[in-house]
Structures are given as structure tokens and as C-alpha cells.
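Letters go in sequence order (proteins before strands), and every chain restarts at 1.
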Amino acid sequence: MDQKKNRLNDEVNDQYLKDLFHDFEPEMAPESLKQDTMNRVFKDWTENAVAYKPLINKQNRWWIIIGCAALVAISFLIDGTLIQGYINQVEVDQSIIDLSGVKSGLNSVGTTIKELPSILYLTVIGGSALLVLDRFFNRLANI
Amino acid sequence: MNDANDIKLIKQVKSGDVGVYAQIINKYQHMAFTLASSIVKNKQDAEEVTQDAFYKAYKALGNYKGDAVFSTWLYRIIYNTAVSKIRGCKTDTSDLDHPEVDKQELVNFGENLNRLEQQERKKILKEALSRLKEDDAFIILLYYYQEKSIEEIEQVTGLSKSNVKIKLHRGRKQLQLELKGLLRDELTSFI
């Protein structure tokens, strides 16, 4: 009986409070709150440099350098004509794989590149240099 | 349900447009301040707590993955910051007896409250809320005003489901008693 009465009380009470809270308005925060918080946020933002994640991490960088050095060393040790000889030794059955099309295609690409005006090369090199410099100075600014 | 605009603003802040954070503060500052006030019971401390909470939220924004509703996530920070603030300087808050309320008595009380102007009702409700225990007032606000579910209140406060229900029940009864007391004073002042 008591339990039933309690539940009824709770239900009436709950609904009544729900209705009462329809009129409720939160307290107005002081004017200074937003400004002071943003001051702290900006202070933090200026104090903490933007961290750039390196494309190649330090550990991998050393392996890449060692690998490149090894490749350069091997290329100096091996005579180019030797490699050419190996390629010639590989006899490809022309009736199965027709390489003449590939060869002529490569030839035409080579001729096209050769005929390109030098200004194009210079522009590409200049553009790339600018991108590299931009990235370099960005990093320098965040040290 | 997460507000799409909140997600957009958070993404902008994360990508480095820190000024956008002011829009987030604008949107939540009043509720955040009210919730902080309900715990610390003092405007000066509430401002400090709200400011700290917004700053902590900014610092932790990188960890916010959008799994929880942003307001729930923010209110949790407010709750923890406010509780830390009052911890240590807490006065004795012994439990009060909650006499059972008769249904008829409740209806009369409701009728009396309805007789008051809307502004007066708001004033009385705020005053009654300020007299509740810290946790109780906070939970009552989330449940009745913000219409958060028990599960969401669990997430905000870190309390167990049964604990939230107990505090809600206790807060509800206490709020009713406070409202009745204040209403009696108000009606006496009319006479």
C-alpha cells in the first residue's frame, strides 16, 4: 500500500517538475567568461608550436640513407655494359611477346622529351625548389 | 544525438582555426555556468570552474572522437572540475529527512505555484535549486531541464545507475520541500 502511494507520489511529482522546468532559464554567464577563456586558449595556441609530423621517421631515415649508399656503391662496381650484355642474352620469343611496339613507344617518348624546350625543365626545377624552400622555412619557424 | 554544427565547429578548431572555439563557448556558456553554480553555490567560483572547464575541454578536444554527444562530454568536464573545486572545503551536509508528500497536498501546492507569475515561478525555482545538495541540483538540472536520460547522466557524473536514481529521487523530494517553503513565504508576503 505504502509502496503504491510512494510510486504515485513520484509520478505526480515527476510530471509536475517537468512542467515547471519548461519555464526555467539558465543563469546568464558573466560577460568576461568568454573573453577570459578565449584569452587562455589563444595564449596556449601561441605558446605551443604547431607540430609537424615528419614524412619519414628518424629510424627509417637512416635505413633509407644506408640503402641508397649501397645502391650507389653497387652501381659503381658493376660495369654498365655487363648489364647490357645480360639483357641481350635474354632471348625473348618474338612470336609470343612482341616487344617491337614497346621499343618504338619508348623511342618516341625519348625523342619527345629531347625536343622539349629547356625553359620547361627550368620551370619544373624552379617550382620544386620553391616548394622545398617553403617547407624548409615552415619547419625553421617552428623550431 | 550530436549537433552537426557542433561537429563542424570542433573540426575547424582541431584543424587550427582556434577562434571558432568562441562560438562553442557562446552556445554552452550559460548552461555550463548554471551547472557549475549548482555545485559550487557561488557565482565567483562558478565562473572560475566554467572557465577552467572550457579550457580543459579545448585542450582535450583532440581526444574527443564524437562517440558521446558533445554537451554530455562537456558537462562531464564541468562536473569533475566543480567537484574538484569543492572537495576539501566541503561543509557538513548531513542527510535531511524527507517526509512523505500527500497527493492532495501536492496538488494544492501545484495550484498555489501556478497562481504566481511566470517570472516569480522562475525565481522560486532557481532559489529552490540553489538550496539543494551539490550533486542533487546538478542531476535535477540535467534530467528535468536538459532532458538527459539516466544513462547520459551516468556518463556525465560517472556514478552508477542506481546511484543516479537515488540522487534523482532524493533531489526531487528535497526540491519539492524547498519549493513549498519558498511558496509559503511568497504567499505570506502577499498577505
**Report entry** Segment of B/Leu129 engaging chain A (4.5 angstrom heavy-atom cut-off)
**Finding:** side chain

**Report entry** Residues from residues 39-50 of chain B approaching chain A under 4.5 Å (heavy atoms)
**Finding:** B/Lys43, B/Glu47, B/Thr50

Query raised in the report: Are side-chain heavy atoms of B/Tyr55 and B/Tyr21 found at a separation under 4.5 Å?
Result: no

**Report entry** Residue among B/Glu147, B/Lys59, B/His30, B/Lys122 with most heavy-atom pairs under 4.5 Å to chain A
**Finding:** B/His30

**Report entry** Whether B/Phe138 and B/Tyr79 hold their rings parallel, tilted or perpendicular, with breakpoints at 30° and 60°
**Finding:** tilted

Query raised in the report: Between A/Gln35 and chain B, which part of the residue has a heavy atom less than 4.5 Å away: side chain, backbone, both or neither?
Result: neither

Report task. From the options B/Asp17, B/Val18, B/Ile24, select the one residue that forms a side-chain contact (heavy atoms from CB on, under 4.5 Å) with B/Val20. Result -> B/Asp17

Requested in this report: Indicate whether the side chain of B/Tyr144 and that of B/Arg172 have a donor and an acceptor atom separated by less than 3.5 Å.
Outcome: yes

Query raised in the report: Which class fits the ring pair A/Phe21 and B/Tyr145: parallel under 30°, tilted 30 to 60°, perpendicular over 60°?
Result: tilted

Report task. Check the angle between the aromatic planes of A/Phe42 and A/Trp45 and answer parallel, tilted or perpendicular using the 30° and 60° thresholds. Result -> perpendicular

**Report entry** Under the side-chain hydrogen bond (donor to acceptor under 3.5 Å, both in side chains) test, residues paired with B/Thr157 that sit two or more places apart
**Finding:** none

